Number of protein chains: 2
Amino acid sequence: MSVGIRHDDLRRRNRAMVIAAVRRAGRPSRTEIAATTGLSHSTISAISSDLIGEGILAEGKPSEAGALKRGRPQVGLGLNPEAAAVMTVVLSLNFLSVAVIDYAGQVISEEQRRLDTLTMSREALIGECVAIVRRRLEDPDIDVRSVARIALAIQGITDTKARAMLWSPITPQTDIAFADILEAEFGIPATMENDCNMMAVALRWRDPERYRDDFIAILLSHGIGMGLVLKGELFTGTHSSGGEFGHMIHRPGGALCRCGRRGCVEAYAGNYAIWRNARQLSEDTEPVADVSDAQMRALAATARERAGPEREAYRKAGEALGYGLGSLFALIDPAPVAMVGVSAAAFDLIEPALREAIAQTAGGQHSESISFDAEPNELPLIREGCAMRALTFVDQEIFAPGMQTKAGPAAKKNVA
Amino acid sequence: MSVGIRHDDLRRRNRAMVIAAVRRAGRPSRTEIAATTGLSHSTISAISSDLIGEGILAEGKPSEAGALKRGRPQVGLGLNPEAAAVMTVVLSLNFLSVAVIDYAGQVISEEQRRLDTLTMSREALIGECVAIVRRRLEDPDIDVRSVARIALAIQGITDTKARAMLWSPITPQTDIAFADILEAEFGIPATMENDCNMMAVALRWRDPERYRDDFIAILLSHGIGMGLVLKGELFTGTHSSGGEFGHMIHRPGGALCRCGRRGCVEAYAGNYAIWRNARQLSEDTEPVADVSDAQMRALAATARERAGPEREAYRKAGEALGYGLGSLFALIDPAPVAMVGVSAAAFDLIEPALREAIAQTAGGQHSESISFDAEPNELPLIREGCAMRALTFVDQEIFAPGMQTKAGPAAKKNVA
DNA sequence: CAGTGTTTTTTCGAGGCTCGAAAAAATAGG
DNA sequence: CCTATTTTTTCGAGCCTCGAAAAAACACTG
């Protein structure tokens, strides 16, 4: 079970805490850090002096310009942008997007590229990823040695260890250990994350007021995905990235899903399902490979304009999502929901049936109080989530190490 | 967010760790404790010497009599039974059961009582609970002052703070803050737990090999309940005890459930549902109040004997449970399952349809590898779980105290 | 039965860490 | 220029854990 706390863990953890406080607060003063961490001023002073000496933090103006106060002005502590850099790689349908981000979170280099992910061979897919990363690393603006971490995100299922993609709708290939591949190729630690989990991470940084301890991000796109934060922690399955909300069963034996099974929520609410129903095709019809965002927007426009199969298709989607959420809420209790992706722009068409369905379920006891947010564009969210994930890794594992590196050679004395 | 680690927390946590190690291992030697906690021998020596001095631990023979080894024999450390005592109160349909348990986990006094929970008034129900607790505390064998904790368990929904029962099938009353009531009455800290969660806790102590980090306990009784352990932690909802597996939706608009809604898993797999289907009554038939265990066993016997509505009823139950588990597994990935309660004794009738259904779902990809255990008797499990819950509370909160009660009246000012 | 080997447990000094109090620093206001 | 105020640093005290060595407790051996 869990292990005792060694004496040296103490400093490590408190260092991590200080870095985290700075990352969250922007440019807090030492006093503010002391307040949020609960540690004493002396401790914060010692730790931050270390961190500045190591080039991790840098002093600057305090965050609030309201420095028109009486006493000694606060000195803001900020992350030193040059302390490190991280790289994000987002692989989505027919699209590959890479960015290099400095330690303070600013994008310093990026590249995007169209691919035909559905038909590419395994080697080609891996090759493209490796190549685009290599090009960014060779960018003269980038100091390769400063890149401390790569975070990949992909639509689909990844493993809990964040090493491999297990399955993805964007490619017929399975079980690609992207993290291991990139690590071997570039010698930079890498992780392979699930796209919806990264959306959830990003929402938490974007709006910590609303998305704090418990919330749900649902991707309404070609497939239906979910990122779930419970009790302040990203929820993952025990073996995989988990949270396959889209493949909860809505109707046993029902509509044909892209995954080959029947009755999944996605088989009613995914783009292909809405499109299939809007065209009044049978529920047994093989899901089409891709419906463009433009087509979906046109469908939504028609549905808004007049009653008909289009509107009914959105109603069915809402119903499936509502019952699915109801079942989910039976397990975890209701929580704020963010709808992300192209169909989030059609949430007005989905919401009535969704709320009606949810009211029929155990989780819907206070269905009117459940609040939904819509964000049509998932890509920026996924990128942000990846960046934060990689940066917090650097914060914790690289700048607050001490697992077993007893290697301390020269005892460092106080920095003058 | 999380708070820095103070210097005094260190000792507190390591004390708790040592106590936990002793509770898990039985009579470990100091050397064994050092090994499992990862702390040094000197530290373990210091802490255990403190704990013995405080009467929390006691020396004794080592756990393994295989002490025929060469050197200085190990000295076993055990929990001192007289260090404290706890009380468990389990309230189930028409039955109230109380036990007093010493610090080492032995029952030292108990009492059970039949009640008519379904028709009792709120006051009568509370009164019975208070009275039975009082009688146990007045037992001359018990030192009242040693009773450090009361843990109640009830079938139904409790709140996350473990203070109150929110809703229960065993009584029409709602929102009874049992924990507060008992605390006020006896001045002993109390918690109100969900029965299925306690089953899960107990399974973990009974068989840590099988039920370690991720597993599911499902109560198949009049209602369907669930206790879920994920990543080594008891899973609860964000507001309530959560994990209302029985009220996930199996068929939208389907059979009438005891909760008043339609299509819940329970409306197919609860005792009343199996009974209703076996009698070939309509799915709209109002659920009967109670089906006796004897009636259920008779039903199962008939189903085993010949094809007919009884067998079909169990098949439907299996199907509902299978699809429900499939949806659950879509979220959390498959995990070992313990089926508990009277219908667990009929699991042979349920399993085929359950496995068939689960194979139709996303979580069922490796359905044959999912393993089920059956335990027909839930009450002992619930009692054990309560006892362990109360005892670990004493371990942590009373014998390793020192929460950072920063009681600081000098809060934050600085609002220019 | 004393001596030797082995394993467990305790002791002791060293080194770190956090804390509170006090000092130092930096500014606005008068 | 002096004073009040707030932030930050300094310093000694008090704990805590650790490693090494000593002490303890037994089995085995001749």
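Remember, predicted model here, so these are calculated numbers, not experimental data. Chain identifiers are assigned alphabetically (A, B, ...) following the order of the sequence lines, protein sequences preceding nucleic acid strands; residue numbering begins at 1 within each chain.
For the OP1/OP2 pair of dC17(C) and a distance below 4.0 Å, the side-chain nitrogens and oxygens of Asn14(A) include no atom meeting the criterion. Close to dC15(D), at under 4.0 Å from its OP1 or OP2, lies no side-chain N or O of Arg11(B). A sub-4.0 Å separation between OP1 or OP2 of dC18(D) and a side-chain N or O of Arg6(A) is present. At least one side-chain nitrogen or oxygen of Thr43(B) sits closer than 4.0 Å to the OP1 or OP2 atom of dC18(D).
Judged by distance alone, with hydrogens and angles left aside, Arg72(B) brings a side-chain donor or acceptor within reach of the base of dT8(C), the pair sitting under 3.5 Å. Side-chain N/O atoms of Ser40(A) and base N/O atoms of dG20(C) include no donor-acceptor pair closer than 3.5 Å.
Donor-acceptor pairing under 3.5 Å is recorded for the side chains of Lys231(A) and Thr236(B).
With DNA chain D read from its 5' end, the first of the two nearest nucleotides for Ile5(A) and Ser45(A) is the one closest to Ser45(A). When each of Gly71(A) and Ser42(A) is assigned the nucleotide of DNA chain C bearing its nearest heavy atom, the one mapping closer to the 5' terminus is Ser42(A).
Counting non-hydrogen atoms under 4.0 angstrom, Thr31(A) reaches the backbone sugars and phosphates but no base.
A salt bridge links Glu59(A) to Arg30(A): one of the charged nitrogens lies within less than 4.0 Å of a carboxylate oxygen. A salt bridge links Glu183(A) and Arg163(A); the closest N-O separation between the charged side-chain nitrogens and carboxylate oxygens is under 4.0 Å. Between Arg11(A) and Asp50(A) there is a salt bridge, since a side-chain N of the basic residue sits under 4.0 Å from a carboxylate O of the acidic one. Between Arg15(B) and Glu54(B) there is a salt bridge, since at least one side-chain N of the basic residue sits less than 4.0 Å from a carboxylate O of the acidic one.
Separating the CZ atom of Arg70(A) from the C1' atom of dT7(D) is a distance of 14 Å, rounded to the nearest angstrom. To the nearest angstrom, P of dC17(C) lies 22 Å from CZ of Arg12(B). Taking atom CZ of Arg30(B) as the reference point, atom C1' of dT8(C) lies 9 Å away to the nearest angstrom. Rounded to a whole Å, the CE atom of Met17(B) is 17 Å from the P atom of dC16(D). Residue His41(A) contributes atom NE2, which lies 13 Å from atom P of dT6(D) at whole-angstrom precision. Distance Ile33(B) CD1 to dT7(C) P: 20 Å, rounded to the nearest Å. Here dG15(C) presents its P atom at 20 Å from CG of Asp9(A), a figure rounded to the nearest Å. At whole-Å resolution of the value, CG in Leu10(B) and P in dC19(C) are 11 Å apart.
Closest to the side chain of Gln74(A), from the set dT8(D), dT10(D), dT8(C), is dT8(D).
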